[in-house]
Student: 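Pasting a structure below so you can have a look.
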Amino acid sequence: IDSLDMKKFDQIQERQLQAMEALQNMDELIKQQQNLFDETNKSADPSDWPGLAHAQSILRAGLGEILRKMGETAQDIPDNFVKADQAMKSAEDLLNHQLPQESLPAQKIALNELQKALDAAIKQMAQSMQQSILSFGLMPNSGNRGEGYDPLGRQSGGVADDNSVK
């Protein structure tokens, strides 16, 4: 691989690291949204409701930041993120109007859409990584599999008659 290819490889690798970080942040956001759902479901004290609305607002802003970072990695953003954002906005509005129980269906939709979006983004990233590997010839051709080949598709050397490694 020449130096031009190495620079391109490094750029691709950096974008993939950024995408992985965004996916980890998305996983954390899903956990926080689940916690908010649980808190909302248990909350009977009206003095808690403004804090719930504020928490939903912060989570929605966090989603926006994650999407911005994902956009920088040149990945297509799954449509489920838009649906999740809309559901989070609806939940936030209901919480701001002191309707916590009514916000639960919107929060549940947000959770489901976030999970679907995360799953789609992970699949997309795996495909992108595979394409990167193939484009640099780092993946063995598919014909080198089975007996006589190691897990990377290289021909196994085995042991020679004189007990030296081939």
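These values consider heavy atoms only, across backbone and side chains, with no hydrogens, waters or symmetry-generated copies. Predicted, not measured: the structure shown is a model, and the values here were computed from it.
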Student: To the nearest 0.5 Å, tell me how far L67 CG sits from L63 CG.
Tutor: 4.5 Å

Student: What are the two closest non-hydrogen atoms of F37 and L111, and how far apart are they?
Tutor: CB-CD1, 4.1 Å

Student: Roughly how far, to the nearest 0.5 Å, is CH2 of W49 from CG of N96?
Tutor: 13.0 Å

Student: How many angstroms lie between CG in L118 and CD in Q24, if you round to the nearest 0.5 Å?
Tutor: 10.5 Å

Student: Just how far is it from atom CD1 of I66 to atom CE of M26, taken to the nearest 0.5 Å?
Tutor: 4.0 Å

Student: Of all heavy-atom pairs between N41 and L104, which one has the smallest distance, and what is that distance?
Tutor: OD1-CD1, 3.3 Å

Student: Indicate the atoms forming the closest heavy-atom contact of A87 with A106, along with that distance.
Tutor: CB-O, 3.3 Å

Student: Got Q107 and Q33 here, is their nearest side-chain heavy-atom distance under 4.5 Å?
Tutor: yes

Student: Ion pair present between E65 and R68, side-chain N to carboxylate O less than 4.0 angstrom?
Tutor: yes

Student: Can you tell me how far CG of N25 sits from CE of M70, rounded to the nearest 0.5 angstrom?
Tutor: 10.5 Å

Student: Could you report the tightest heavy-atom contact between M88 and A110, atom names first, then the distance?
Tutor: CG-CB, 3.6 Å

Student: Is there a path of hydrophobic side-chain contacts, each under 4.5 Å between heavy atoms of I/L/V/M/F/W/Y residues, joining I77 to M20?
Tutor: yes

Student: Return yes if some donor-acceptor pair links the side-chain N/O of S43 with the main-chain N/O of E39 below 3.5 Å, else return no.
Tutor: no

Student: Would you say that E113 contacts I109 through its side chain, given a criterion of any heavy-atom pair below 4.5 Å between the two side chains?
Tutor: yes

Student: Is the shortest distance from a Lys or Arg side-chain nitrogen in D27 or K31 to a carboxylate oxygen in the other one below 4.0 Å?
Tutor: yes

Student: Quick one, L29 and L114 - any side-chain contact, counting heavy atoms below 4.5 Å?
Tutor: yes

Student: Counting only heavy atoms from other residues, nucleotides and ligands, does the tally under 6.0 Å from CG of D38 exceed 12?
Tutor: yes

Student: Roughly how far apart are Q98 CD and L52 CG, rounded to 0.5 Å?
Tutor: 10.5 Å

Student: Does a side-chain heavy-atom distance below 4.5 Å link Q32 with I58?
Tutor: no

Student: Any heavy-atom pair between the side chains of Q115 and N112 that's under 4.5 Å?
Tutor: no

Student: How far apart are the closest heavy atoms of L95 and P100, and which atoms are they?
Tutor: CD2-CA, 3.7 Å

Student: So which atom in A53 and which in E92 form the shortest heavy-atom distance, rounded to 0.1 Å?
Tutor: O-CG, 4.0 Å

Student: Quick one: do F81 and M125 end up in the same hydrophobic cluster if we chain Ile, Leu, Val, Met, Phe, Trp and Tyr together by side-chain heavy atoms under 4.5 Å apart?
Tutor: yes

Student: Regarding K89 and D93, does a basic nitrogen lie under 4.0 Å from an acidic carboxylate oxygen?
Tutor: yes

